[in-house]
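Here the structure is laid out as structure tokens; the discussion comes afterwards.
These values consider heavy atoms only, across backbone and side chains, with no hydrogens, waters or symmetry-generated copies. Per chain, numbering begins at 1; letters A, B, ... match sequence-line order.
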2 protein chains.
Amino acid sequence: EGAVVSSVAIDENQAKITIFNVPDKPGMAGKIFSALGEAGINVDVIVQNVGKENFADISFTVNINEMEKAKNIVEKVAKEIGAERVVADPDICKVSIIGIGMMNHPGVAGKMFTCLAKCGINIEMISTSEIKISCVIRKKDGQKALLELHKEFIEKS
Amino acid sequence: EGAVVSSVAIDENQAKITIFNVPDKPGMAGKIFSALGEAGINVDVIVQNVGKENFADISFTVNINEMEKAKNIVEKVAKEIGAERVVADPDICKVSIIGIGMMNHPGVAGKMFTCLAKCGINIEMISTSEIKISCVIRKKDGQKALLELHKEFIEKS
Ligand SMILES: C[C@@H](O)[C@H](N)C(=O)O
Ligand SMILES: C[C@@H](O)[C@H](N)C(=O)O
């Protein structure tokens with residue numbers, strides 16, 4: 001399965017913002033991201049997992065230079081929609097493995113996550129598409145993660 | 001911004017599985033997805049948002065035909081790692097908008113989420129990459145969502 005991953009990448013210029021306990025009903029995500037869009041803020045990853053007890057958390061990443069602006073916008077919307085609180089965290093990075101048809105190669109995800117675990121790196125967010133698996137981790141772990149993922153997926157194949 | 005989205009898609013053959021309250025420490029995601037990989041189960045979306053109080057939920061989707069097999073595997077791992085419980089849900093579908101460089105078109109995500117909200121559709125999971133924004137919603141809402149997203153993004157541009 002090593003052959004299906006064509007590259008590994010890191011983005012060390014991102015910050016994450018989490019809106020905790022967004023009411024889990026239609027229109028909430030729309031309000032948040034329309035407000036960001038109107039302000040011209042480029043959003044990279046958006047992650048939302050299933051809600052619990054009628055609330056869901058929504059996280060997204062932006063360029064670290066836009067973190068304060070994005071946070072201010074989202075705090076306004078959070079008040080309007082009755083979300084609990086907003087936390088901005090610049091101390092992250094995003095590591096990704098990129099390849100074709102990864103969905104058809106079971107084990108690629110497990111291999112990536114195990115590789116990070118072997119470095120003692122905690123995975124904070126996961127987002128995927130057919131061609132990319134991305135993990136948000138602590139910024140300090142980024143270079144180590146990149147090195148080990150490269151060894152695991154690129155050098156071994 | 002309508003021009004940046006080249007297609008909209010639906011996948012009505014997926015089920016979602018959520019492992020609730022996974023201990024938020026290195027190695028947990030690795031164990032779960034290695035077990036699925038060893039069983040040859042193809043995983044599509046994987047979503048994990050930031051943890052709270054040392055626990056995080058992990059959700060993923062599989063072909064509906066593999067749901068039971070995947071659920072059984074994950075329940076075993078969940079026991080081993082001390083996760084709280086596993087819930088499998090076949091009553092979903094995944095709708096996506098696909099385009100180039102969507103990150104550089106602020107507002108695309110907000111437009112998609114607002115479009116779904118206007119149909120009264122609740123967004124249950126969100127996962128993104130540069131070329132794709134996917135939402136997991138109730139299966140019954142799928143065709144309506146596809147129609148409206150197509151009107152919004154394809155017919156209007
Ligand atoms: C939480 C948020 O995604 C909500 N379910 C919505 O549809 O907007
Ligand atoms: C929750 C899970 O992702 C855990 N943080 C891990 O690194 O495996």
Side-chain angles (χ1 to χ4, degrees), chain A residues 1 16 18 20 24-52 56-59 103-134 136, chain B residues 1 16 18 20 24-52 56-59 103-134 136:
Chain A
E1 325 127 349
K16 71 165 155 75
T18 302
F20 287 100
D24 191 8
K25 56 183 187 182
M28 308 290 97
K31 283 206 170 83
I32 291 163
F33 290 94
S34 294
L36 290 164
E38 279 158 29
I41 293 182
N42 292 322
V43 170
D44 183 25
V45 176
I46 302 171
V47 166
Q48 179 193 313
N49 208 338
V50 297
K52 293 194 278 197
D57 303 329
I58 301 178
S59 294
M103 180 185 173
N104 297 320
H105 288 81
V108 172
K111 195 166 164 180
M112 177 186 192
F113 304 151
T114 299
C115 179
L116 295 173
K118 285 191 177 142
C119 309
I121 295 172
N122 197 44
I123 299 165
E124 302 184 15
M125 284 166 63
I126 301 170
S127 188
T128 59
S129 70
E130 288 86 353
I131 59 166
K132 196 176 203 182
I133 301 176
S134 292
V136 167
Chain B
E1 329 129 343
K16 71 167 155 75
T18 302
F20 287 99
D24 191 9
K25 57 184 188 181
M28 308 290 97
K31 284 207 170 81
I32 292 163
F33 289 94
S34 293
L36 289 165
E38 279 158 31
I41 293 182
N42 293 322
V43 171
D44 183 25
V45 175
I46 302 171
V47 165
Q48 178 193 314
N49 207 338
V50 297
K52 293 193 278 196
D57 302 330
I58 301 178
S59 294
M103 179 182 172
N104 299 320
H105 288 80
V108 172
K111 195 166 164 180
M112 177 187 191
F113 304 151
T114 299
C115 178
L116 295 173
K118 285 192 176 140
C119 310
I121 294 173
N122 197 44
I123 299 165
E124 302 184 15
M125 284 166 61
I126 302 169
S127 188
T128 59
S129 71
E130 289 86 351
I131 60 166
K132 197 176 202 182
I133 302 175
S134 291
V136 167

Open item on the list: For a quick test of reading the model, state the closest non-hydrogen atom pair linking S127(B) to S127(A) and the distance between them.
Closed with: OG-OG, 3.1 Å
Open item on the list: At a 4.5 Å cut-off on heavy atoms, which part of V43(A) comes close to chain B: side chain, backbone, both, or neither?
Closed with: backbone
Open item on the list: Please evaluate residues F113(A) and I32(B) with respect to the criterion side chain to side chain contact (heavy atoms under 4.5 Å, CB included), reporting the C-alpha separation (whole Å), side-chain torsions for both, the decisive distance (0.1 Å), and the verdict.
Closed with: CA-CA 9 Å; F113(A) 304 151; I32(B) 292 163; over 6 Å; no
Non-hydrogen atoms of chain A under 4.5 Å away: do they reach the side chain of [X], the backbone, both or neither?
{"X": "I41(B)", "answer": "backbone"}
{"X": "T18(B)", "answer": "side chain"}
{"X": "E38(B)", "answer": "neither"}
{"X": "I131(B)", "answer": "side chain"}

Task: Between NZ on residue K25(B) and CD1 on residue I123(A), distance to nearest 0.5 Å - done: 14.0 Å
Just so I understand: if I count every heavy-atom pair under 4.5 Å between each of [options] and chain A, which residue has the most?
{"options": "G51(B), A56(B), G120(B)", "result": "G120(B)"}
{"options": "K118(B), M112(B), K52(B), K16(B)", "result": "K52(B)"}
{"options": "G27(B), A109(B), S59(B)", "result": "S59(B)"}

TODO: Answer yes or no: does atom NZ of K132(A) have more than 12 heavy-atom neighbours from other residues, nucleotides or ligands under 6.0 Å?
DONE: yes
- [ ] Identify which of G37(A), C119(A), S129(A), C115(A) forms the greatest number of heavy-atom pairs closer than 4.5 Å to chain B.
- [x] G37(A)
- [ ] Go through V47(A), L36(A), I121(A), V45(A) and name the one with the most non-hydrogen pairs under 4.5 angstrom from chain B.
- [x] V47(A)
- [ ] Applying side chain to side chain contact (heavy atoms under 4.5 Å, CB included) between N49(A) and each of V50(B), I126(B), D57(B), V136(B), report the one that passes.
- [x] D57(B)
- [ ] Give a yes or no on whether the backbone of I46(A) and the side-chain of T128(B) come within a donor-acceptor separation of less than 3.5 Å.
- [x] yes
Task: Short side-chain to backbone donor-acceptor contact, Q48(B) and E124(A), under 3.5 Å - done: yes
